[in-house]
Amino acid sequence: MELTQKQYQELVRNLADGVLIVTEPGDILYESPSIRRLTGYEPGDDVGERLFEHVHPDDHEDVRAAFTDLFESADDGIVTADFRFRHADGSWIWLEARGRTQRATTIGGYIVRVSDVTEAKAREDRLERTTARFETLFENSPDMIDIHTTDGTIVDVNRQFCEAFDQPKDELVGQKVWEIDREINPEELREIWSRMDVGDRTEIETTFETADGTRFPVEVHLTRLPVNDGDRFMVISRDITERKQRLREIRTLKNRLELAVEGATLGVWDWDMRTDAVEFNDQWAEMLGYDLDDLEPHVETWESRVHPDDIDDVRDALAAHLRGNTDHYETTHRMRTADGEWKWIRDLGRVVDRDADGEPVRAVGIHLDIDDSKRYQRELERKTEELKRKTEELEDLTTRLEEQYRTLFEEAPVMAVVTRAENGRPIIEDCNNQFADTLGVEPDALVGTDLAECYTTDSERALIDDGGYEDALNGAFTNESRDLVAADGDVIETRLRAVPRKDADGEVTGTLAMYIDVTERETVKRANERLEEFASIVSHDLRNPLNVATGHLELAREECESPHLDAVERAHGRMETLIEDLLTLARQGEAVAETDAVDLAAVVEACWQTVATSDAELVIADDRTVMADEKRLKQLFENLIRNAVEHGGETVTVTIGGLEDGFSVEDDGPGIPDDDAAAVFEAGYSTNAEGTGFGLSIVQRIAEAHGWDVTVTNGADGGARFEFTGVEFAAE
């Protein structure tokens with residue numbers, strides 16, 4: 001069909017795109033009406049180079065070059081140029097100019113078609129930005145991402161995917177997805193893919209396996225995407241190992257919490273603050289003596305049972321927490337039980353949910369029955385006050401006891417001296433008036449001086465040069481001869497009895513020495529009598545207040561419990577043992593005046609019944625009748641039996657045997673080390689932290705009082721063996 005010129009003109013006027021006719025120099029001969037719609041400029045007869053004048057400066061050279069190609073190209077083709085053009089309203093629009101390289105001679109120029117591609121350019125920019133963002137997200141995503149075809153071939157993976165499998169991309173691309181997903185087989189995967197349309201998303205949990213066999217759980221999000229050469233599946237996978245572990249921990253914690261709540265009988269409440277509905281658990285109801293079905297699940301159920309004297313404080317604490325002033329709500333208050341009684345409750349809770357305006361909508365908490373604790377607390381406070389009073393009484397009694405001890409020390413009928421060791425020499429720390437008066441020196445003048453200065457030259461040599469003081473520190477002296485020198489030069493003959501002093505750690509720090517003035521032999525008997533009198537005074541004046549203290553201790557135990565009372569009891573026991581051993585040591589040194597025929601077996605069996613022997617065994621291998629003081633002989637055997645049980649244990653065997661001129665006492669316990677054999681009879685020696693160290697010293701004193709010799713050695717079974725010789729047997 002042929003068109004008239006008028007019809008052509010009408011067609012050009014109505015084209016959406018603009019049409020230009022451009023001469024070879026670049027002049028615009030003609031603009032179609034659509035150019036106005038595109039650019040906003042009015043068309044004119046003499047258009048000139050207005051088109052190039054409004055081209056963006058950055059695109060000007062490209063446009064000039066395109067038109068040059070249009071004019072100079074020898075081939076028949078199309079030249080295209082995209083450029084920004086300033087619209088009549090001042091904005092920039094994108095135009096696409098397409099011109100044919102063949103000149104239209106009939107109209108005298110080149111025909112150029114101009115299209116507005118602003119929106120297309122915008123879409124292109126958005127697509128580029130979206131693509132760039134996608135690529136960035138793809139590579140930098142914290143999750144593993146892979147893309148595979150509909151036949152399961154992996155075509156791309158991101159960096160996180162490579163790191164998870166510790167393989168480069170080129171090794172992973174080309175693998176099948178079921179080579180890494182070991183939970184789902186190919187048939188199952190194909191079934192999943194077949195059910196998915198483009199844009200559909202499927203979520204599954206499975207397990208991946210790396211090249212070295214390591215397996216880990218993953219959460220997989222699978223999306224079907226359309227592409228030019230067929231659909232693709234984009235898979236976003238997340239390692240959920242930690243999540244699985246947390247879930248296991250949460251389940252474990254939940255189970256433990258439920259057990260703890262049930263085991264601890266905790267009442268639990270859950271308050272919906274929008275409706276004031278409250279969910280209570282069974283323990284909450286049982287704590288107040290109700291069945292859960294008996295209680296309305298409403299906040300009024302709780303509030304109406306709070307004690308009237310406590311309700312204001314409870315409301316204040318709750319309001320402060322609801323305002324956010326406190327981290328949690330906590331009160332201690334009384335609640336009325338089903339039988340009308342009042343029970344102390346500790347109430348703890350916390351707001352766990354607030355609305356968009358910050359108003360609390362849900363709170364949870366627990367009730368803890370502290371009624372028994374409250375009663376115990378009140379009783380404890382009462383007993384604490386009573387204990388304080390008893391302790392003050394005990395301290396006062398102890399002070400009086402110390403004062404009495406000091407009085408006895410000062411008024412003792414013998415000379416008494418307390419020394420400390422300094423560089424191997426005895427320094428006087430304290431002495432009684434008897435010692436000072438005998439030497440004719442004031443007590444204060446003696447304190448701090450060397451004890452050896454009070455001795456004659458020979459006695460000083462015996463004390464220091466011959467190791468006498470070292471012996472005193474390591475053991476004891478009994479009836480040692482020592483000569484003192486008074487201030488006027490008179491020599492005072494004495495008999496010394498000394499025992500070591502020890503600190504709390506059992507370290508020897510000095511000695512406690514007693515001197516008996518035997519300058520005139522006729523006074524020896526009187527001194528012994530005075531010593532016996534002193535022993536009686538010690539027994540009476542120390543034991544009586546100790547018994548009173550023990551009585552107060554028992555009363556304190558009935559009133560309350562305290563670890564301090566155990567310490568007081570141990571101290572009392574220690575004092576009682578020291579008093580007993582001190583009296584025994586003082587009395588057993590006296591010579592035996594009269595002896596009788598004593599059946600050795602009968603005495604030993606009687607002693608065995610009086611000493612705590614538990615499961616120990618007694619064997620009497622030789623039955624003898626000896627001449628002895630029966631009372632003091634019993635003391636000897638009691639000490640030996642007690643020593644064997646204390647050191648040999650509750651199943652030790654003690655054997656009484658005969659010697660040619662005496663008898664033996666042997667056990668099968670641990671025995672005595674050779675290095676300690678010489679020290680066992682020294683006063684104060686003991687391997688038992690609770691012992692006084694006087695037991696075997698008393699045994700030696702009793703033997704010496706009878707005129708016997710006693711030695712210690714190892715028994716046949718490795719235990720201790722004590723042999724007594726020089727014993728007189730009764731005539732048969």
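The first residue of the sequence shown is numbered 1, and numbering continues consecutively from there.
Using a 4.0 Å cut-off between a side-chain N of Lys or Arg and a carboxylate O of Asp or Glu, R389 and E385 do not qualify as a salt bridge. Between D151 and K176 there is a salt bridge, since a side-chain N of the basic residue sits under 4.0 Å from a carboxylate O of the acidic one. In summary, D371 and R334 do not engage in a salt bridge, as defined by a charged side-chain N under 4.0 Å from a carboxylate O.
A pairwise comparison of heavy atoms in R336 and L288 identifies O-CD2, 4.2 Å as the closest pair. Closest of all the heavy-atom pairs between S194 and E191 is OG-O, 2.7 Å. Of all non-hydrogen atoms in L38 and D17, the two that sit nearest each other are CD1-C, 4.4 Å. Smallest separation of non-hydrogen atoms from V55 and F85: N-CD1, 4.2 Å. Across W269 and V278, no two heavy atoms sit closer than the pair CB-CG1, 4.0 Å. Residues G267 and M287 approach most closely at N-CE, 3.5 Å, considering heavy atoms.
Residues forming a side-chain contact (heavy atoms from CB on, under 4.5 Å) with L380 (at least two apart in sequence, or on another chain): Y376, T384. Take D396 and apply the side-chain contact (heavy atoms from CB on, under 4.5 Å) test, not counting sequence neighbours, and it matches R400.
Separation of atoms CG (L95) and CD1 (I35) is listed at 8.0 Å; rounding is to 0.5 Å. Of the inter-residue distances, the one linking D116 atom CG with R37 atom CZ reads 11.5 Å to the nearest 0.5 angstrom. For the atom pair CH2 (W344) and CG (D372), the distance works out to 14.0 Å, reported to the nearest 0.5 Å. Atom-to-atom distance recorded for I180:CD1 and S237:OG is 7.0 Å, nearest 0.5 angstrom. Taken from CH2 in W342 to NE2 in H333, the straight-line distance is 11.0 Å, to the nearest 0.5 Å. For the atom pair CZ of R350 and CD of E330, the computed distance is 11.0 Å after rounding to the nearest 0.5 Å.
In this structure, the side chains of V314 and W302 come closer than 4.5 Å at one or more pairs of heavy atoms. In this structure, the side chains of V198 and D231 come closer than 4.5 Å at one or more pairs of heavy atoms. Contact check for K374 versus T332: side-chain heavy atoms found under the 4.5 Å cut-off. Counting heavy atoms from C-beta on, the side chains of R224 and T150 come closer than 4.5 Å. Within the 4.5 Å cutoff, the side chain of I204 has no heavy atoms near those of the L222 side chain. For the pair M273/L322, a side-chain contact is recorded, criterion being any heavy-atom separation below 4.5 Å from C-beta on. Inter-residue side-chain proximity for K343 and H367 is flagged as unmet; no heavy-atom pair is nearer than 4.5 Å. Residues N281 and L292 form no side-chain contact, since every pair of their non-hydrogen atoms from C-beta on lies 4.5 Å or further apart.
Within a 6.0 Å sphere centred on CD of E163, heavy atoms belonging to other residues, nucleotides or ligands number more than 12. Around atom CD of E650, no more than 12 heavy atoms belonging to other residues, nucleotides or ligands sit under 6.0 Å away. The number of heavy-atom neighbours closer than 6.0 Å to CD of E279, taken from other residues, nucleotides and ligands shown, is 12 or below. By the neighbour-count criterion of 12 heavy atoms within 6.0 Å, atom NZ of K388 is sparsely surrounded, having that number or fewer from other residues, nucleotides or ligands.
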(request) Show your reasoning for whether side-chain contact (heavy atoms from CB on, under 4.5 Å) applies to D62 and F83. (result) CA-CA 8 Å; D62 293 339; F83 56 92; over 6 Å; no

(message) Applying salt bridge (charged side-chain N to carboxylate O under 4.0 Å, His left out) to E379 and R382, what does each step give before you reach the verdict?
(response) CA-CA 5 Å; E379 182 66 15; R382 185 188 68 79; 2.4 Å; yes

(message) Walk me through whether T331 and D313 qualify under side-chain contact (heavy atoms from CB on, under 4.5 Å).
(response) CA-CA 8 Å; T331 63; D313 291 339; over 6 Å; no

(request) Could you give me the CA-CA distance, side-chain angles and deciding distance for N158 and Q160, then say whether side-chain hydrogen bond (donor to acceptor under 3.5 Å, both in side chains) is met? (result) CA-CA 6 Å; N158 71 343; Q160 185 67 19; over 6 Å; no

(message) Between T210 and D166, does the side-chain contact (heavy atoms from CB on, under 4.5 Å) criterion hold? Intermediate values first, please.
(response) CA-CA 8 Å; T210 64; D166 194 24; over 6 Å; no

(request) Show your reasoning for whether side-chain contact (heavy atoms from CB on, under 4.5 Å) applies to I366 and R346. (result) CA-CA 8 Å; I366 61 172; R346 185 182 180 194; over 6 Å; no

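Screening R84, H56, E119 for a side chain to side chain contact (heavy atoms under 4.5 Å, CB included) with W94, the sole residue that qualifies is R84. Checking D355, D276, D270, D353 one by one against R362, the salt bridge (Lys or Arg N to Asp or Glu O under 4.0 Å) holds for a single residue, D270.
Remark: side-chain polar atoms of T153 are not paired, donor with acceptor, to backbone N or O of T149 under 3.5 angstrom. In terms of modelled atom types and a separation under 3.5 Å, the side chain of H321 and the main chain of T326 share a donor-acceptor contact. No donor-acceptor pair under 3.5 Å is formed between the side chain of D505 and the backbone N or O of E507. For the pair D291 (side chain) and D293 (backbone), a donor-acceptor distance under 3.5 Å is absent.
Classified by interplanar angle (parallel below 30°, tilted 30° to 60°, perpendicular above 60°), the ring pair F208/F165 is tilted.
Remark: the E300 side chain and the H298 side chain contain no N/O donor-acceptor pair separated by less than 3.5 Å. Looking at R201 and H221, their side chains do bring a donor and an acceptor atom within 3.5 Å of each other.
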